[in-house]
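One structure below.
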Amino acid sequence: MLAYQWRNQQQNDDYMIVVSEGRVQQLKNDIVDRKQRQPVAQELDIAIQSYALNEIYLKEARELGLNKGDRVIDRRLRQKMEYLLEEMALVQSPSEQELKAYYQEHSDRYLAEETYSFSQVYISIDRSEQELNNALKQQQQRIAQGLLPQGDASMLTKKFEQRSSAQIQRQFGAQFSDKLKQLPLNTWSEAIDSGYGKHFVMVREHTPAAPRDYEAVKETVLYDWQYDMAQSFKQAYESELLERYQINIEKPQGDS
């Protein structure tokens, strides 16, 4: 009753809710998307009434000040502002020259992963310390004699072809992957650790990381350019706001 009396003092225009032609079409499209058919007249009328009623609730809530001091609403409004800033920034389109310059400047982002082809001989650690030491020593002696090391039976592949560092790390662990980078080509290593046990490893081929062709990554470069431009635009806007507004900080007594 109180809300009605207070609202009744406003002009008649304050009670006007406009459901535009474009909004009606959007409501109609929403029904088509959900039900995969054209809506009947009653369905569209219900959708329009529901939309109008929602707008009325929002209008009444704002008039009563219910939107003030609400953290959920505050967070949503900030998100909308940030989204609007991103949209404004993305209106810009780089020229081909600008995009290529950006690609050159950030070429380290567009590297093809380095790859390794290697052989491994697995040594199980499921034995006593003395037995493990003996097994490792025996294989080291074979390597020193120019013979191939012999390992324990396992489900692991003995030869790996063109595996990226990320793939190797996922399978064998970071310690194994890092050690692999230090090994010379075509030489059996000392035993190195993995999540499985120990391995004698020979790296047969190492392809270093190299920049990927511009045309192959052009779409990614454009996305990155747009993201960086949006961040720069946002930072510039925030700096402008901080200069425009005066911020008075009232600290609790006793705080330095």
Pairs meeting criterion salt bridge (charged side-chain N to carboxylate O under 4.0 Å, His left out) with involvement of residues 101-113, two or more places apart: R109-D228
Closest contact, heavy atoms only, P94 versus L99: CG-CD1, 3.9 Å
State plainly whether one hydrophobic cluster holds both Y116 and M202, where clusters connect Ile, Leu, Val, Met, Phe, Trp and Tyr through side-chain heavy atoms under 4.5 angstrom apart. no
To the closest 0.5 Å, what do you measure between OG1 (T115) and CD1 (I168)? 8.0 Å
Joint cluster assignment, V40 & I46, ILVMFWY side-chain distance < 4.5 Å: no
Write out all pairs satisfying ring-ring contact (aromatic ring centres under 6.0 Å, His included) with one or both partners inside residues 57-85, taking only residues at least two apart or from two chains. none
Heavy atoms of A47 and I31 approach each other most closely as CB-CD1, 4.1 Å
Output for pair (N54 CG, I17 CD1), nearest 0.5 Å, gives 10.0 Å
Would you say L147 ends up clustered with I143 if hydrophobic residues are merged whenever their side chains have heavy atoms under 4.5 Å apart, either directly or through other cluster members? no
Nearest 0.5 Å, what's the CG-CD distance between L148 and Q139? 10.0 Å
Indicate if F200 and F176 have the same hydrophobic cluster label, given that clusters are the connected sets of ILVMFWY residues with side-chain heavy-atom separations under 4.5 angstrom. no
Does anything in residues 141-157 pair up under side chain to side chain donor-acceptor pair (under 3.5 Å), and if so which pairs, sequence neighbours excluded? R127-D152
Do any pairs count as a salt bridge (charged side-chain N to carboxylate O under 4.0 Å, His left out) and have a residue in residues 238-248, sequence neighbours left out, and if so which ones? E240-R244
May I ask you to check whether H106 and Y102 place their ring centres under 6.0 Å from each other? yes
Could you pull out all donor-acceptor pairs under 3.5 Å where a side-chain atom in residues 131-138 meets a protein atom, sequence neighbours excluded?
| unit_1 | atom_1 | unit_2 | atom_2 | d |
| --- | --- | --- | --- | --- |
| E131 | OE1 | S128 | N | 3.2 |
| E131 | OE1 | S128 | OG | 3.3 |
| N133 | ND2 | E129 | O | 3.2 |
| N134 | OD1 | Q130 | NE2 | 3.1 |
| N134 | ND2 | Q130 | O | 3.3 |

Can you tell me how far the CD atom of Q120 sits from the OH atom of Y196, to the nearest 0.5 Å? 9.5 Å
Using side-chain heavy atoms (C-beta onward) and a distance below 4.5 Å, is Y122 in contact with S194? no
Please answer: with hydrophobic residues joined when any side-chain heavy atoms are less than 4.5 Å apart, are L156 and V121 in the same cluster? no
Are there more than 12 heavy atoms of other residues, nucleotides or ligands under 6.0 Å from atom CD of E215? yes
Any idea which heavy atoms bring S117 and Q162 closest together, and the distance? OG-N, 3.0 Å
Set of side chain to side chain donor-acceptor pair (under 3.5 Å) partners for Y214, sequence neighbours left out: E96
For the residue pair F160 and F118, does the interplanar ring angle fall in the parallel (under 30°), tilted (30 to 60°) or perpendicular (over 60°) class? parallel
For S119, give me all partners under side chain to side chain donor-acceptor pair (under 3.5 Å), at least two apart in sequence or on another chain. R204
Identify, with sequence neighbours excluded, every residue that meets side chain to side chain donor-acceptor pair (under 3.5 Å) alongside T220. none
If I compare all heavy atoms of L111 with all of P211, which pair ends up nearest, and what's the gap? CD2-N, 3.4 Å
E21: side chain to side chain donor-acceptor pair (under 3.5 Å) partners, not counting sequence neighbours: none
Any side-chain heavy-atom pair from V32 and Q38 closer than 4.5 angstrom? yes
Does any pair with a residue in residues 71-80 pass salt bridge (charged side-chain N to carboxylate O under 4.0 Å, His left out), and if so which ones, sequence neighbours excluded? R78-E82
Table please: side-chain donor-acceptor pairs of residues 178-190 below 3.5 Å, with sequence neighbours left out.
| unit_1 | atom_1 | unit_2 | atom_2 | d |
| --- | --- | --- | --- | --- |
| T187 | OG1 | L185 | O | 3.2 |
| S189 | OG | V201 | N | 3.0 |
| S189 | OG | V201 | O | 3.3 |

Correct closest heavy-atom pair for S165 and S177 would be O-OG, 3.6 Å
Nearest heavy-atom neighbours spanning S93 and W225: C-CH2, 4.3 Å
Are K100 and Q97 side-chain neighbours, meaning at least one heavy-atom pair lies under 4.5 Å? no
Which residue pairs pass the side chain to side chain donor-acceptor pair (under 3.5 Å) test with at least one member in residues 26-35, sequence neighbours excluded? R23-Q26, Q25-N29, K35-E43
